[in-house]
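Take a look at the structure set out below.
If you're wondering where the values come from, they're calculated on a predicted model, not measured in any experiment. The residues of the chain are indexed from 1 along the displayed sequence. Reckoned from all heavy atoms, side chains included, excluding hydrogens, waters and symmetry mates.
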Amino acid sequence: MRLFLMVIAMLALAGACSRGGPKADPFEGLEAHADLSEMRHLAEVNDGGWFIDFGTPAQAKYTVGDWRSGWIGRGVDGDATYANVGMRGRVYFGADRAEALVARVRLRPHGTRALTPYLNNSQLKSLHLGSGDGFAEYDIELPAEHVQRGENYLLLTFGGTTPIDGEDVSVAVDSIWIRRAAEAAADVRAPAYDTLLANVRLGDEERPAIALSRQSTLRYYVPVPPDAVLGFGVGVEGDGESPFVIEVTSDGQPSVQLLSGTASSEWVDHKVDLSRFAGQTVRVDLRAEGSGPGRLGWNSPRVLVPEQPERTLEPARNVVVLVIDTLRADKLRPFNPSSRVKTPAMDRFATEGAVFELAQSPENWTKPAVASILTGLHPQTHQQKTGDAALPASAELLSEHLQAQGFATGSFIANGYVSDRFGFDQGWDDYTNYIREGKSTEARDVFEEAGNWIESHKGERFFAYVQTIDPHVPYDPPGEYVRMYDPNAYDGQVKPRMTGDLLEKAKRRPPQVVFDAVDKRRIKALHDGEITQHDNYFGLFLDRLATLGLAEDTLIVVTSDHGEEFDDHGSWGHGHSIYQELLHVPLMFRLPNRIPAGARVSDAVSTLDVSATVTALLGVPGMTHDEGHALVGMMLGEPPARPTVAFSDFQDDRRVITTGRWKLVLRGNLTSTMFDLSADPGEKTQLDATAYPIGRRYARTLLGQFLGAADRGNWLSAEQKGGTQLHRENAEMDDTIRDQLRALGYAH
């Protein structure tokens, strides 16, 4: 075994710098994909135990970004950073194995002298807090029978509160140190977040480094892109040398020791090949295994990929954004090859551009979802979460931005929520809402008017926004389309023009309408028929653009605001859950000779990325407060230097992160559910909290960082300053607008 480790070390060190003479750049030809030093707030740090430093950027990954977890403010008192907590505080931490642990909590009491902890919902021994006014340490024993491998839930409950700055506070917590019971008595330096990064001088060379003791672990959860390597420098202060190990673990597999080396009193650079883990989310441990005084420094640890050549695309002249209301992705063969729904125009379109296989809507109903598409803002930022919410004049829509860049702007919208009453009429030279104006909402008519407008503006740069509503209730396609999917005679309760009312009654608890198998077959046939009918008019619209000579220089974006449920999880319609039938939507981009035809991207993205991608492909500046990301590089096969994740909301009661394979759902009561979308795309099996601990911890870390971010456009950063927040406005809901919305099945 020792010989095997020596061989690994020699192979890994082959690229290390020599210790004498001029040093060649061991990282030549590589560029940073993820700077782990900048992301140290996302790392888990073990130095005498896993250390949770409250009141710092390192807190969010343990406290769900303070979202509904009881943490209500942060402060500094001398060298102590702290977070206040109310009657209860929730903490989520990982454990490598089920063993006895001790949680050493450093806190200052305010409104209570009693602490009762719970671990994974089992009550532990209560503690009496001292009468002093300063910070003191208290040990909570975590018995082995209550500790689980993977994620653990520690709940701290208190006996009372006192008002501080308008909040009811029980205690201020400085830190929690999760230590093995056998090591709890060890006297070691706390690895406080503010002290992690230091300038470390070794010999004649000083470098910035994450500096820990000679027996410590720096742990990251990272997705591995193709051809990736881990690059870093390492060295140790003081006398002697210190062994170190680079270990990588993926879910369900044993840990792999990729490098075993010895740190000396000089900086030495290393490259570790990660390519065997490409496409996986892994846990990377940078572990020091020495002893004695002096710190070991990790200089600039980062995930590196081969340098990408600079690519510039000729800007598109025009853009058409098509939002097909209520179209779930798995109804289309480009996303679900086994779908029965016939959409030849959509199928052809998918082969001519880029398909994003896992695009997520930020919300499960129209208004917030479309607000995100047109503003590039998350629902928590634009505040369009209720029926009466309205976008304020301060909101910048893509239409306003492109209008200021000299584009003619026209909208052709068949949903009453995307209307002037709710602030969506900003920035359009020509604005049409077919519901509000009492006009036909059939796709045939919407596409015809959009085509007429485009023809009249083909001599100038234009932005046309088209939102069709054919797949939305009421489902009422012509008989020829219904017979494609249900050729049987039917005389049941499902009437096409009544489908909106029927679905609304079917989703009540208890249901006022119950469908039998024949009814369900008819409902699905009606919806599928609407999709096929819509595809026919979409194809004619594309043909018209080609006839006008616009196909080659017009970017066309096809997406949806949300999907539709057909009893997949016991309900109907939309606006009620966060399962994939409502959040997973189509997203495709076509721009001939620039976007590669047939490109497919499997990473999770959000439809709020549409506006940033459109401005990038048009060659105009991005919107000032856009929180999305341009997806152009991903279409060209370039891995982005950021996590490819999508965040979704459901009102104020659900928070969702989709990371590719993993989807983590957090409810308002802080219970969580995780699904493996690769093995279980229908989300039929909720994963146990101990299953896939690496995937769960990665998702939990990023979701906590996002929920705690003030600047959601730069949510990954440790520095959270500023950020955008629109002032909430309410629309006047008169009988006319209510009747128009009820006609679309919006009973509320």
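Residues Val245 and Leu259 are not in side-chain contact: their nearest non-hydrogen atoms beyond the backbone lie 4.5 Å or more apart. Put simply, the side chain of Ser717 reaches to within 4.5 Å of the side chain of Asn714, judged on heavy atoms. Within the 4.5 Å cutoff, the side chain of Leu703 has no heavy atoms near those of the Tyr698 side chain. Here the side chains of Leu296 and Glu237 are not in contact, with every heavy-atom distance at 4.5 Å or above. Taking 4.5 Å as the limit, every side-chain heavy atom of Asn299 sits out of range of all side-chain heavy atoms of Phe232. Inter-residue side-chain proximity for Pro379 and Ser372 is flagged as met; some heavy-atom pair is nearer than 4.5 Å. Between Val200 and Trp267, the closest side-chain pair of non-hydrogen atoms falls below 4.5 Å. Taking the side chain as every heavy atom from C-beta outward, Lys663 and Val656 approach each other to under 4.5 Å.
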Side chain to side chain donor-acceptor pair (under 3.5 Å), that's the test. Do Arg700 and Tyr92 meet it? Break it down for me. CA-CA 9 Å; Arg700 172 82 73 176; Tyr92 298 83; 4.6 Å; no
Show the numbers, then the answer: is there a salt bridge (charged side-chain N to carboxylate O under 4.0 Å, His left out) between Arg667 and Asp653? CA-CA 6 Å; Arg667 296 174 180 83; Asp653 191 56; over 6 Å; no
Derivation of the salt bridge (charged side-chain N to carboxylate O under 4.0 Å, His left out) call for Arg207 and Glu205: CA-CA 7 Å; Arg207 295 186 183 184; Glu205 189 175 7; 2.9 Å; yes
Please walk me through it: do Leu30 and Val229 pass side chain to side chain contact (heavy atoms under 4.5 Å, CB included)? CA-CA 9 Å; Leu30 299 171; Val229 299; 3.7 Å; yes
Go through Arg697 and Glu44 one step at a time and tell me if the salt bridge (charged side-chain N to carboxylate O under 4.0 Å, His left out) criterion holds. CA-CA 11 Å; Arg697 191 66 199 148; Glu44 295 178 340; 2.7 Å; yes
From CA spacing to verdict: side chain to side chain donor-acceptor pair (under 3.5 Å), Ser37, Asp35: CA-CA 5 Å; Ser37 186; Asp35 188 327; 4.5 Å; no
Derivation and outcome, side chain to side chain donor-acceptor pair (under 3.5 Å), residues Arg214 and Ser291: CA-CA 5 Å; Arg214 294 190 181 200; Ser291 61; over 6 Å; no
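Taking the charged nitrogens against the carboxylate oxygens, Asp96 and Arg219 do have a contact shorter than 4.0 Å, which makes a salt bridge. Between Lys385 and Asp649 there is a salt bridge, with a side-chain nitrogen of the basic residue lying less than 4.0 Å from a carboxylate oxygen of the acidic one. Using a 4.0 Å cut-off between charged side-chain N and carboxylate O, Arg287 and Glu289 make a salt bridge. A salt bridge does not link Arg696 to Asp251: none of the charged side-chain nitrogens sits closer than 4.0 Å to a carboxylate oxygen. Taking 4.0 Å as the cut-off between side-chain N and carboxylate O, Asp47 and Arg295 do not count as a salt-bridged pair.
The environment of Asp239 atom CG is sparse: at most 12 non-hydrogen atoms of other residues, nucleotides or ligands sit within 6.0 angstrom. Arg88 CZ: 12 or fewer foreign heavy atoms inside a 6.0 Å radius. Glu141 CD: 12 or fewer foreign heavy atoms inside a 6.0 Å radius. Taking a 6.0 Å sphere around CZ of Arg149, one finds it holds 12 or fewer heavy atoms contributed by other residues, nucleotides or ligands.
With values rounded to the nearest 0.5 angstrom, Leu726 atom CG is found 8.5 Å from His625 atom NE2. The CH2 atom of Trp177 lies 6.0 Å from the CZ atom of Phe51; values are rounded to the nearest 0.5 Å. The CZ atom of Arg68 lies 6.0 Å from the CG atom of Asp652; values are rounded to the nearest 0.5 Å. With values rounded to the nearest 0.5 angstrom, Asn46 atom CG is found 10.5 Å from Leu218 atom CG. The CZ atom of Phe27 sits 8.5 Å away from the OG atom of Ser300 when rounded to the nearest 0.5 Å. To the nearest 0.5 angstrom, Ser213 atom OG is 7.5 Å from Arg189 atom CZ.
For the pair Thr658 (side chain) and Gly660 (backbone), a donor-acceptor distance under 3.5 Å is absent. Of the possible polar contacts, one joining the Asn120 side chain to the His146 backbone as a donor-acceptor pair under 3.5 Å is found. A donor-acceptor pair under 3.5 Å is formed between the side chain of Glu627 and the backbone N or O of His378. A donor-acceptor contact shorter than 3.5 Å is absent between the side chain of Asp53 and the backbone of Thr56. For the pair Asn152 (side chain) and Gln148 (backbone), a donor-acceptor distance under 3.5 Å is present. His110 contributes no side-chain N or O that, together with a main-chain N or O of Asp168, makes up a donor-acceptor pair within less than 3.5 Å. Not a single donor-acceptor pair under 3.5 Å links the side chain of Thr217 to the backbone N or O of Asp285. Using a distance-only test at 3.5 Å, with no hydrogens or angles considered, a donor-acceptor pair links the side chain of Glu363 to the main chain of Gln651. Looking at Asp174, its side chain never comes within 3.5 Å of a backbone N or O of Ala80 through a donor-acceptor pair. Side chain of Gln720 to backbone of Ala710: a donor-acceptor contact under 3.5 angstrom is found.
Checking Leu274, Leu258, Leu304 one by one against Leu230, the side chain to side chain contact (heavy atoms under 4.5 Å, CB included) holds for a single residue, Leu274.
Ring centroid separation for the pair Trp662 and Tyr692 comes in under the 6.0 Å cut-off. Close placement of the Phe244 and His270 rings is indicated, their centers lying within 6.0 Å of each other. Checked against the 6.0 Å centroid criterion, the rings of Phe647 and Phe706 qualify as a close aromatic pair. For Tyr82 and Phe54, the ring centers sit 6.0 Å or farther from each other.
Smallest separation of non-hydrogen atoms from Arg74 and Asp66: NH2-OD2, 3.4 Å. Nearest heavy-atom pair across Ala172 and Asn84 is CB-OD1, 3.4 Å. Shortest non-hydrogen contact noted between Val169 and Val171 is CG1-O, 3.6 Å. Pro693 approaches Gly150 most closely through the heavy-atom pair CB-CA, 3.6 Å. Between Ala58 and Tyr193, the shortest heavy-atom contact is CB-CD1, 3.9 Å. When all heavy atoms of Thr81 and Gly55 are compared, the pair lying nearest together is CB-O, 3.8 Å.
Judged purely by distance below 3.5 Å, without hydrogens or angles, the side chains of Arg90 and Tyr153 pair a donor atom with an acceptor atom. Side-chain contact annotation: Ser250 with Gln280, donor-acceptor N/O pair under 3.5 Å present.
Partners of Asp711 under the side chain to side chain donor-acceptor pair (under 3.5 Å) rule, at least two apart in sequence or in another chain, do not exist in this structure.
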